[in-house]
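Ligands are counted one by one from 1 in listed order, and the atoms in each one are counted from 1 as well. For the numbers below, each heavy atom of this structure counts, side chains included, while hydrogens, waters and symmetry mates do not. The structure displayed is predicted, hence computed values, not measured ones.
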Amino acid sequence: MSKTGYRIVLLPGDGIGPEVVAQGRRLIETVARTFGDQVTFEEHRIGGAAIEAEGTPLPRTTVEAARGADAVLLGSVGGPEWDHLAGDKRPEAGLLGIRKALGVYANLRPVRAYRPLLRSSTLKPEVLEGVDLLIVRELTGGLYFGDKRREEGPGGVRVVDELVYTTPEIERIVRLAFETARNTGRSVTSVDKANVLESSRHWREVVDRVARDYPEVPYRHMLVDNCAMQLIRDPRQFGVIVTENMFGDILSDEAAMLTGSIGMLPSASLGSGAGLYEPVHGSAPDIAGRGVANPLGTLLSVAMMYQYSLGRPRVAEAIVAAVERALEDGFRTPDLAGEAARVCGTDEMTEAVLERLQIVPE
Ligand code: NAD
């Protein structure tokens, strides 16, 4: 086993962000002790915390540190304190800005129904059993990044949000989805709104062309409204879902409910440089500071970091297995609690995972 040096940038952000990022750091430190890795952590501000301290949601020092890192672990940004701010003054501008600065164009969101949690979801266990899908969301184009305009006229206000894609932007994300599907033996569902949107019609053309390079991967197109319905009706039919920025944002929150809690969902944002890893949930101001936030979305994001940025896929598998064992042994943060659960706080849940971590050599 070779020792390695990693530079990890931590961006805790707001609300429960600092609480869960601290747990991610504990996990990385535990893995580092096993391998004798030299890990350097650097912590920087983003979102509301950065607005308060430095007057901007994305300080230049944060961007520079993230660009020089092997991987970035982010908590969450936002909160009611900053709801009165507009546009690029808002905490969310920090999030969009760091994604853009790192050139991470693909957001991977695995959705897995853990057996011990089948009864934590509002859906029937028999619908959820075996769900193991991956949403690949385009992250730096589409509706969220198009021009936005607000024009005051004599007849009132006219507002515009543009949805723009170029062929290469679509092609690289679709190719990544097909590669991942091929490597994991899954099918591809490309989700769009081609009955209404010109951008979706072109998206379909690109998918059909890229698919020719992957004849062994079954694929299909699906309209986003149908996909929203099918995810609840029969989620097991999906392998890899690839889609536009806003569609992916909404579908992945919907899919979060297949796992029982949004606190369970990890994500990886990948491009040509440092990968950005973050739980899917927001800053959860309603529970911030109480030590009850579910850290598993963050711990599973660290697993993805080992898989995609740090070259240790076995560590990733070991983390996922340890999470499953902690759940099997009944550990539940309050968002997951049902009958017969060992309700625990953020620290205790992480401890339960660390105690069950069995890392086998790569
Ligand atoms: P949210 O995800 O913060 O919370 C939704 C619900 O889920 C809340 O009841 C919360 O308590 C619960 N929850 C979320 N994460 C949890 C966890 N780890 N453990 C236990 N429970 C958890 O979404 P929201 O309430 O719509 O947004 C709150 C703030 O977060 C807003 O300012 C929003 O803009 C921001 N936000 C940030 C991100 C991000 O940083 N990536 C994503 C979504 C929302």
Residue selection (non-hydrogen contact nearest [atom]) among [options]:
atom                    : options                       : value
atom 18 (N) of ligand 1 : Leu95, Asn294, Asp335         : Asn294
atom 34 (O) of ligand 1 : Glu92, Arg290, Met349, Met264 : Glu92
atom 10 (C) of ligand 1 : Ile16, Asp286, Thr333         : Asp286
atom 2 (O) of ligand 1  : Gly282, Ala288, Gly48         : Gly282

> Does a sphere of radius 6.0 Å around CZ in Arg150 hold more than 12 heavy atoms from other residues, nucleotides or ligands, not counting ones at 6.0 Å or beyond?
Replying inline: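 Incorrect, the count does not exceed 12.
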> Of the backbone atoms (N, CA, C, O) and the side-chain heavy atoms from C-beta on, which set of Pro91 has a member under 4.0 Å from an atom of ligand 1: side chain, backbone, both, or neither?
Replying inline: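 Neither; nothing of Pro91 gets under 4.0 Å from ligand 1.
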> For ligand 1, which part of Ile262 has a heavy atom less than 4.0 Å away: the side chain, the backbone, both, or neither?
Replying inline: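 Only the side chain of Ile262 comes within reach of ligand 1.
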For ligand 1, which atoms have a heavy atom of [X] less than 4.0 angstrom away?
X      : value
Glu278 : 41 (N)
Ser76  : 40 (O)
Ala293 : 19 (N)
Gly78  : 32 (O)
Gly263 : 17 (C), 18 (N)

>> Under the side chain to side chain donor-acceptor pair (under 3.5 Å) test against Gln23, which residue among Asp347, Thr346, Thr298, Asn294 passes?
In response: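 Going through Asp347, Thr346, Thr298, Asn294 one by one, the side chain to side chain donor-acceptor pair (under 3.5 Å) with Gln23 is satisfied by Asp347 alone.
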Could you find the nearest protein heavy atom to [atom] and give me its residue, atom name and distance?
atom                    : answer
atom 37 (C) of ligand 1 : Val77 O, 3.0 Å
atom 28 (C) of ligand 1 : Pro285 CD, 3.6 Å
atom 29 (C) of ligand 1 : Ser283 OG, 3.2 Å
atom 32 (O) of ligand 1 : Gly79 N, 3.0 Å
atom 3 (O) of ligand 1  : Ala284 N, 2.7 Å
atom 21 (N) of ligand 1 : Ile287 CD1, 3.5 Å

> Is the Tyr277-Tyr308 ring centre distance short of 6.0 angstrom?
Replying inline: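 When the ring centroids of Tyr277 and Tyr308 are compared, they turn out to be at least 6.0 Å apart.
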> Between Asn245 and Leu143, is there a donor-acceptor pair closer than 3.5 Å when you use the side chain of the first and the backbone of the second?
Replying inline: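 The answer is no, because no donor-acceptor pair under 3.5 Å joins these two groups.
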Looking at [Y], I'd like to know if the NZ or CZ of [X] sits under 6.0 Å from its six-membered ring centre while staying within 45 degrees of the ring's axis.
X      : Y      : value
Arg112 : Tyr114 : yes
Arg99  : Phe145 : no
Arg220 : Phe238 : yes

> Does a side-chain N-to-carboxylate-O contact under 4.0 Å join Arg175 and Asp213?
Replying inline: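 Looking at Asp213 together with Arg175, the answer is yes, because their closest N to O distance falls below 4.0 Å.
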>> Salt bridge or not between Arg325 and Glu328? Use side-chain N to carboxylate O under 4.0 Å.
In response: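 Answer for the salt bridge query: no.
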> Any non-hydrogen protein atom below 4.0 Å of atom 6 (C) of ligand 1?
Replying inline: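 For atom 6 (C) of ligand 1 the answer is no, since every protein heavy atom stays at 4.0 Å or beyond.
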> Would atom 25 (O) of ligand 1 count as contacted, meaning some protein heavy atom under 4.0 Å?
Replying inline: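 No, no protein heavy atom sits under 4.0 Å from atom 25 (O) of ligand 1.
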>> Measuring only between side-chain heavy atoms, which start at C-beta, is Leu85 closer than 4.5 Å to Ile51?
In response: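 Yes. Closest side-chain heavy atoms under 4.5 Å.
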> Any side-chain heavy atom of Arg90 within less than 4.5 Å of one from Asp83?
Replying inline: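 Sidechains of Asp83 and Arg90: in contact.
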> Is it the case that Glu92 and Trp82 place a side-chain donor and acceptor less than 3.5 Å from each other?
Replying inline: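 Note: Glu92 and Trp82 side chains miss the donor-acceptor criterion.
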>> Using a plain distance cutoff, I'd like to know if Pro279 has any nitrogen or oxygen under 3.5 Å from a nitrogen or oxygen of ligand 1.
In response: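 No, no N or O pair falls under 3.5 Å.
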